2 protein chains.
Amino acid sequence: MKEGPDIARIASLVGDPARANMLTALMDGGALTASELALEAGVSLPTASSHLAKLMDGKLLTVASQGRHRYYALSGTEVANMIEAISGVAAHSGPKRARPGPRDKSMREARVCYDHLAGDHAVAMFDRFVAEEIIVRDDEEIRLGPVGAGFFATIGIDTSTLGNSRRPMCRACLDWSVRRSHLAGSLGTAILDKILAEKWARRPAGSRVVEFTPPGRKAFEKLFLA
Amino acid sequence: MKEGPDIARIASLVGDPARANMLTALMDGGALTASELALEAGVSLPTASSHLAKLMDGKLLTVASQGRHRYYALSGTEVANMIEAISGVAAHSGPKRARPGPRDKSMREARVCYDHLAGDHAVAMFDRFVAEEIIVRDDEEIRLGPVGAGFFATIGIDTSTLGNSRRPMCRACLDWSVRRSHLAGSLGTAILDKILAEKWARRPAGSRVVEFTPPGRKAFEKLFLA
DNA sequence: TCCATGGTTCGATGGTAGTCGAAGCATTCT
DNA sequence: AGAATGCTTCGACTACCATCGAACCATGGA
């Protein structure tokens, strides 16, 4: 009967799966483009655009136009707190989270996260990069480490050309199946590109799964998990 | 694409206006019956029952069967925190809350909250009861004060018969238009009954508004707001 | 034992909101 | 300028779910 703030309105905004996916994708505080969010949410671009308009209308998101890109981000910590609180309840509620992650084993092992690799392999690779000081992480920020440029040069990735774009070369992306970070950004894209170019793995159509071939996996491990 | 806890599922539970009303009605930590919640939400009993089943399924509510009543309550502080967090965002988002409360002036002044009086008059009455030690509040608990039984006896309410039922005689109910407590429980019901029996006020059909007659208002003020 | 009251289930209805294809703007690169 | 990319708008379709009346169960009281 009390009708305080219109709680139902904004709860219903979060209540749609597509929008919820978008919001959680932005929970790291980063900004993503509409197309990236469309992929994250698993919907078409028009649909995503509609959802984004609704989220903007509810003031849950802010947008920054940069050239022909529109970068969407959470509008503030209050929104993040809310998502966090909802997640807490959901964790206690939902179907027993005995298996935290996707039902699909291969998805958990290796999948593509828009344009870079995610899953166990990606997290292991990220850890090794940090251990070897190929990349260094300063709190939230991630940069190429002292031996980084050299390392990537040896495997045919020219890091000097990756810094040009407005897009950050290195970005941390929280892996939902492992709950740890993996590498995104243009460098992450370059690595995924190489994996596919070398035919170490292929992507079954209509899925995010990345299927390594047996020799491909060996080569990948030798190169990135040495 | 991270698919952590099923946040959309429980957000959509809160996203329905009827359910949101129910949840906010329970935000004081109390327990209400299905019919009370139906009135709070402004829906029919079958509809309310369906919503309650869904909220139970999502583990947002607990239920305690007492006789033929079923008392629903929030399942824990985590749920309350979530509602609180959502309210915070909603306050920043929604249509300017210049007028915190109902658009209807008469509603804000006096209305019925299921079976007791709410609104400005009810809050003023509650304050006076506390000031005069007619009732005393111990934190969350409310009891009849030292002069309480005598006071109510003089106006024709026998408090000794009100304690029999399982229902608490005194209960605090948070008034949404003033954001302060008013009196619920069987004593609150008795007072409302008296007001209507004395014809100090009447209830237009199909509304929660309580319309005092001019002499009725005088009598009410003399008796309860002296 | 029978009635009254509080709740839930069932079935049918209607409205609303999510979805995508196609077309339309805007910006940037060649 | 022309082409390509990123994004939004429009229109039509669909599916889901909130809603309520009526019937059905359960408990408590006479």
Side-chain angles (χ1 to χ4, degrees), chain A residues 6-23 26 31-58 60-73 114-115 161 164-167 186 189 206, chain B residues 6 8-23 31-58 60-73 114-115 161 164-167 186 189 206:
Chain A
D6 197 351
I7 154 179
R9 179 176 136 79
I10 75 113
S12 73
L13 283 177
V14 188
D16 177 82
R19 287 192 293 261
N21 285 336
M22 292 175 172
L23 290 169
L26 294 170
L32 295 175
T33 67
S35 358
E36 286 172 312
L37 289 168
L39 280 172
E40 288 282 344
V43 295
S44 74
L45 234 164
T47 304
S49 188
S50 156
H51 284 308
L52 289 169
K54 289 186 173 105
L55 289 171
M56 289 291 298
D57 191 50
L60 296 188
L61 296 185
T62 59
V63 67
S65 292
Q66 287 188 0
R68 56 184 162 185
H69 297 266
R70 308 200 69 191
Y71 283 90
Y72 289 92
Y114 181 46
D115 58 3
T161 64
N164 293 343
S165 114
R166 231 178 307 266
R167 187 175 171 214
S186 59
T189 304
Chain B
D6 197 350
R9 179 176 136 78
I10 74 112
S12 72
L13 282 177
V14 188
D16 176 82
R19 287 192 292 260
N21 285 335
M22 292 176 172
L23 290 169
L32 295 175
T33 67
S35 356
E36 285 172 313
L37 288 168
L39 280 172
E40 289 282 344
V43 295
S44 74
L45 233 164
T47 304
S49 188
S50 156
H51 285 309
L52 289 170
K54 288 185 172 105
L55 289 171
M56 289 292 297
D57 191 51
L60 297 188
L61 296 185
T62 59
V63 67
S65 292
Q66 286 188 1
R68 55 185 163 186
H69 296 267
R70 307 199 72 192
Y71 283 90
Y72 289 92
Y114 182 44
D115 57 3
T161 64
N164 293 343
S165 110
R166 232 178 307 267
R167 188 173 171 214
S186 57
T189 303

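In the text below, chain A, chain B and the rest are named by the order of the sequence lines, each starting its count at 1. Note that this is a predicted model, so its numbers are computed, not measured.
In this structure, L52(A) atom CG and dC20(C) atom P are separated by 14 Å, rounded to whole Å. One interatomic measurement links the two molecules: CG of L45(A) to P of dG18(C), which rounds to 17 Å at whole-angstrom precision. A straight line from CG of L39(B) to P of dC20(D) spans 12 Å, rounded to a whole angstrom. With rounding to whole Å, E36(A) atom CD is found 14 Å from dT5(D) atom C1'. We find that CG of D16(B) is positioned 13 Å from C1' of dG15(C), with the value rounded to whole Å. At whole-Å resolution of the value, CE in M22(B) and P in dG7(C) are 12 Å apart. At whole-Å resolution of the value, CG in L32(B) and P in dG7(C) are 11 Å apart. Between Y71(B) atom OH and dT8(C) atom P there is a gap of 14 Å when expressed in whole angstrom units.
Distance alone, capped at 3.5 Å, places no donor-acceptor pair between the R19(A) side chain and the A8(B) backbone.
Ranking dA22(C), dG7(C), dG6(D) by closeness to the H69(A) side chain, first place goes to dG6(D). With distances taken from any side-chain atom of R19(A) to the nucleotides dT19(D), dG21(C), dG18(C), the minimum falls on dG18(C). Taking every side-chain heavy atom of T47(B) into account, dT19(D) is the closest of dT8(D), dT19(D), dG7(C). In the set dT19(C), dT19(D), dG7(C), dT19(D) carries the atom at the smallest distance from any side-chain atom of S50(B). When distances run from any side-chain atom of H51(A) to the nucleotides dT9(C), dT19(C), dG6(C), the shortest one goes to dT19(C).
The CG atom of L61(B) sits 12.5 Å away from the NE2 atom of H51(B) when rounded to the nearest 0.5 Å. Note that CG of L37(A) is 5.0 Å distant from CG of L26(A), once rounded to the nearest 0.5 Å.
Here R70(A) reaches the OP1 or OP2 of dT8(D): one of its side-chain N or O atoms lies under 4.0 Å away. OP1 and OP2 of dA17(C) both lie 4.0 Å or more from every side-chain N or O belonging to K54(A). Using a 4.0 Å cut-off, no side-chain N or O of Y72(A) falls inside it from OP1 or OP2 of dG6(D).
Here the shortest heavy-atom pairing between R70(A) and V63(A) reads NH2-CG1, 3.6 Å.
At a threshold of 4.0 angstrom between heavy atoms, the contacts of A53(B) with the nucleic acid are absent.
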Exercise for the section: Apply side chain to side chain contact (heavy atoms under 4.5 Å, CB included) to Y71(B) and T33(B), showing your working. Expected result: CA-CA 5 Å; Y71(B) 283 90; T33(B) 67; 3.7 Å; yes
